[in-house]
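Everything on this sheet refers to the single structure shown next.
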Amino acid sequence: MPEAARRARTELDCFRLFFTRAVVDNLVKQTNLYAQQAGAGESSLGWTPVRRDDILAHDAIVTNLKRLRWRLGDGICPRTGCTRWESVPHVFWQCGFVPLLWEWFQVLAERLTFCNTWAVSQDYALYGLSPPSCNTSVRGILTFVSASIKLASLTRNPDMGLISGPDKQIGQI
């Protein structure tokens, strides 16, 4: 048994046995090349080039864009009124109601941490990077709420009760 396999202690360690840096870099290159050849950058659908972090953090999430790569759909976001590619960044950061959820989260984070200098970023929303400075229990609450927002973002029903009224105010979560 190779030494690296003996040292593997976590799921990520095991993943890295097969998906080396070179393999992930090639996945990124080939995914972006495929998008370029398919004309995604020329369309109005808002293609954003894939990064290494996208592959590592979100490759298991099945979006319509991934289904398109498998030739099982059109790749378009299924939410009413949205006509963009449904990628992971789109689901968790860009699609219609999702920015409203993160705005609500921002207010909650400010109230719990007593800090208004930290702002929710795309890196926080997608990868959990650069969380606010706070004690462990508050960070646990914020992590739970942000995970709930991600779960709501994955829900394909746009009328799930989190957003109400013509002005689209955030409802009770």
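Along the sequence shown, the residues carry numbers beginning at 1.
When hydrophobic clusters are built by joining Ile, Leu, Val, Met, Phe, Trp and Tyr residues whose side-chain heavy atoms come closer than 4.5 Å, directly or via intermediates, Leu33 is not grouped with Val24.
The backbone N or O of Thr143 lies less than 3.5 Å from a partner atom in the side chain of Ser146, making a donor-acceptor pair. No side-chain donor-acceptor contact under 3.5 Å links Thr63 to the backbone of Val88. Checked by atom type and distance alone, the side chain of Asn32 pairs as donor or acceptor with a backbone atom of Val28 at under 3.5 Å. Judged purely by atom type and a 3.5 angstrom limit, Trp93 has no side-chain atom pairing as donor or acceptor with the backbone of Trp102.
The shortest non-hydrogen separation linking Leu101 to Ser153 is CD1-OG, 4.3 Å. When every heavy atom of Trp85 is checked against every heavy atom of Leu68, the shortest pair comes out as CZ3-CD2, 3.1 Å. Nearest heavy atoms, Leu65 versus Ser87: CD2-CB, 3.9 Å. Residues Pro78 and Asn64 share a closest heavy-atom pair of CD-ND2, 3.4 Å.
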Could you go through residues 105-114 and list every donor-acceptor pair under 3.5 Å that involves a side-chain atom there, pairing it with any protein atom two or more places apart or in another chain?
residue, atom, partner, partner atom, Å
Gln106, OE1, Val120, N, 2.7
Gln106, NE2, Glu110, OE2, 3.1
Gln106, NE2, Trp118, O, 2.7
Thr113, OG1, Ala109, O, 2.6
Thr113, OG1, Cys115, N, 3.4

Just list the side-chain donor-acceptor pairs under 3.5 Å for residues 133-142, sequence neighbours left out, or say none.
residue, atom, partner, partner atom, Å
Asn135, OD1, Ser137, N, 3.1
Asn135, OD1, Ser137, OG, 2.9
Asn135, OD1, Val138, N, 2.8
Arg139, NH2, Pro132, O, 3.0

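Scanning for side chain to side chain donor-acceptor pair (under 3.5 Å) contacts around Glu103 gives an empty result, with sequence neighbours left out. Legend: residues meeting side chain to side chain donor-acceptor pair (under 3.5 Å) with Asn116, ordered by chain and number and at least two apart, are absent. For the side-chain contact (heavy atoms from CB on, under 4.5 Å) test, residues two or more places apart in sequence or in another chain that qualify with Asp123 are Arg51, Ser121, Tyr127, Leu129.
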Please evaluate residues Glu86 and Arg79 with respect to the criterion side chain to side chain contact (heavy atoms under 4.5 Å, CB included), reporting the C-alpha separation (whole Å), side-chain torsions for both, the decisive distance (0.1 Å), and the verdict. CA-CA 10 Å; Glu86 189 190 46; Arg79 291 180 184 85; 3.9 Å; yes
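Here the side chains of Arg84 and Cys95 are not in contact, with every heavy-atom distance at 4.5 Å or above.
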